[in-house]
Amino acid sequence: RGARIEDSEFDGVARFQTDGIRILGPEAVIVGNVSFDNYYYGIYVHGDLATISGNETYANRQDGIHTPKAGGATVSGNVSYGNGRAGIYCEGSTNEAQVTVSGNDVHDNLADGISINGNVLAAANTAHGQLAGSGILLQYGAVADSNVAYGNQTGVAGHAYASVTITNNIAYGNSGTGIGAHKNSR
């Protein structure tokens with residue numbers, strides 16, 4: 001079994017130039033934590049089959065939640081805001097189980113609300129008020145379904161030259177494009 005971190009607070013690790021929570025390994029369970037004012041990421045998980053749920057991440061210099069290798073992971077029910085880059089960043093490989101990012105509320109991040117890359121499904125999330133970038137940004141095979149994106153620069157966007165799928169999303173009140181995708185996207 002993997003590491004389990006539950007109902008804890010990680011405050012101001014910025015002075016140590018590290019992450020609030022950092023897990024390198026499979027099957028991590030990170031539930032009900034608050035992680036803020038960290039030098040890099042609020043929560044960083046590099047490992048498959050992780051569960052990241054019910055956490056609050058804010059005011060981190062990089063992403064609130066960052067999972068660069070997370071086959072089969074579930075990132076759900078988190079609130080991530082006011083971070084220096086994305087609220088949530090997830091990446092999944094095509095030869096691993098799909099990563100699911102669902103039911104999260106991301107807002108007021110400097111870049112994108114949710115940025116997903118590869119074999120990742122973003123479903124039933126709310127992304128609003130990002131200061132630049134998109135509410136939800138998709139790259140290289142990612143799927144966005146049934147999300148709500150408002151008050152961002154762009155609501156939901158497929159990255160240039162990336163084949164992505166965007167279905168059943170609601171985008172309104174964005175300063176630029178509501179929903180946009182490039183060639184080879186659906």
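- Considering only residues two or more places apart in sequence or on other chains, L131 meets the side-chain contact (heavy atoms from CB on, under 4.5 Å) condition with L110.
- Every residue two or more places apart in sequence or in another chain was checked for a side-chain hydrogen bond (donor to acceptor under 3.5 Å, both in side chains) with Q153, and none qualifies.
- The salt bridge (charged side-chain N to carboxylate O under 4.0 Å, His left out) analysis of residues 106-118, with sequence neighbours excluded, yields no pairs.
- Taking Ile, Leu, Val, Met, Phe, Trp and Tyr as hydrophobic and joining them when side-chain heavy atoms fall under 4.5 Å apart, one finds L49 isolated, its cluster having no other members.
- N95 meets the side-chain hydrogen bond (donor to acceptor under 3.5 Å, both in side chains) test with S93; sequence neighbours excluded.
- Sorted by first then second residue, the salt bridge (charged side-chain N to carboxylate O under 4.0 Å, His left out) pairs that include residues 73-82, not counting sequence neighbours, number zero.
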>> Apply side chain to side chain donor-acceptor pair (under 3.5 Å) to residues N38 and D19 and explain how you reach the verdict.
In response: CA-CA 6 Å; N38 295 293; D19 309 312; over 6 Å; no
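- For the residue pair S80 and T57, a side-chain donor N or O sits within less than 3.5 Å of a side-chain acceptor on the partner.
- Considering only residues two or more places apart in sequence or on other chains, N152 meets the side-chain contact (heavy atoms from CB on, under 4.5 Å) condition with Q130, A149, N174.
- Expressed to the nearest 0.5 Å, how far CZ of F10 lies from CG of N33 amounts to 5.5 Å.
- The distance from atom OG1 of T154 to atom CG of L137, rounded to the nearest 0.5 Å, is 9.0 Å.
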> Are Q62 and Y39 close enough, and set up right, to give a side chain to side chain donor-acceptor pair (under 3.5 Å), and what steps lead you there?
Replying inline: CA-CA 7 Å; Q62 299 291 320; Y39 193 81; over 6 Å; no
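- The structure places CG of N109 at 12.5 Å from OG of S134, a figure rounded to the nearest 0.5 Å.
- We find the CD-CD1 distance between E91 and I116 to be 11.5 Å, quoted to the nearest 0.5 Å.
- For H128, the ring pair (Phe, Tyr, Trp, His ring centres under 6.0 Å) partners two or more places apart in sequence, or in a different chain, are H107, Y150.
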>> Does N60 form a side chain to side chain contact (heavy atoms under 4.5 Å, CB included) with Y41? I'd like the steps, not just the answer.
In response: CA-CA 6 Å; N60 298 289; Y41 306 109; 6.0 Å; no
Under 3.5 Å, which donor-acceptor pairs do the side chains of residues 66-75 form with other protein atoms, sequence neighbours left out?
from, atom 1, to, atom 2, distance (Å)
H66, ND1, D63, OD2, 2.6
T67, OG1, Y89, O, 3.3
K69, NZ, D48, OD1, 3.3
K69, NZ, D48, OD2, 3.4
K69, NZ, E96, OE2, 2.9

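- Sorted by first and then second residue, the side-chain hydrogen bond (donor to acceptor under 3.5 Å, both in side chains) pairs with a member in residues 113-127 read N104-N125, N125-N147; sequence neighbours excluded.
- Contact annotation: the side chain of E56 never approaches that of F36 to less than 4.5 Å [non-hydrogen atoms, C-beta and beyond].
- The side-chain contact (heavy atoms from CB on, under 4.5 Å) test applied to D145 returns L121, T167, N168, not counting sequence neighbours.
- Under the 4.5 Å side-chain criterion, counting only non-hydrogen atoms from C-beta, V34 is in contact with Y58.
- Considering only residues two or more places apart in sequence or on other chains, I170 meets the side-chain contact (heavy atoms from CB on, under 4.5 Å) condition with V148, Y172.
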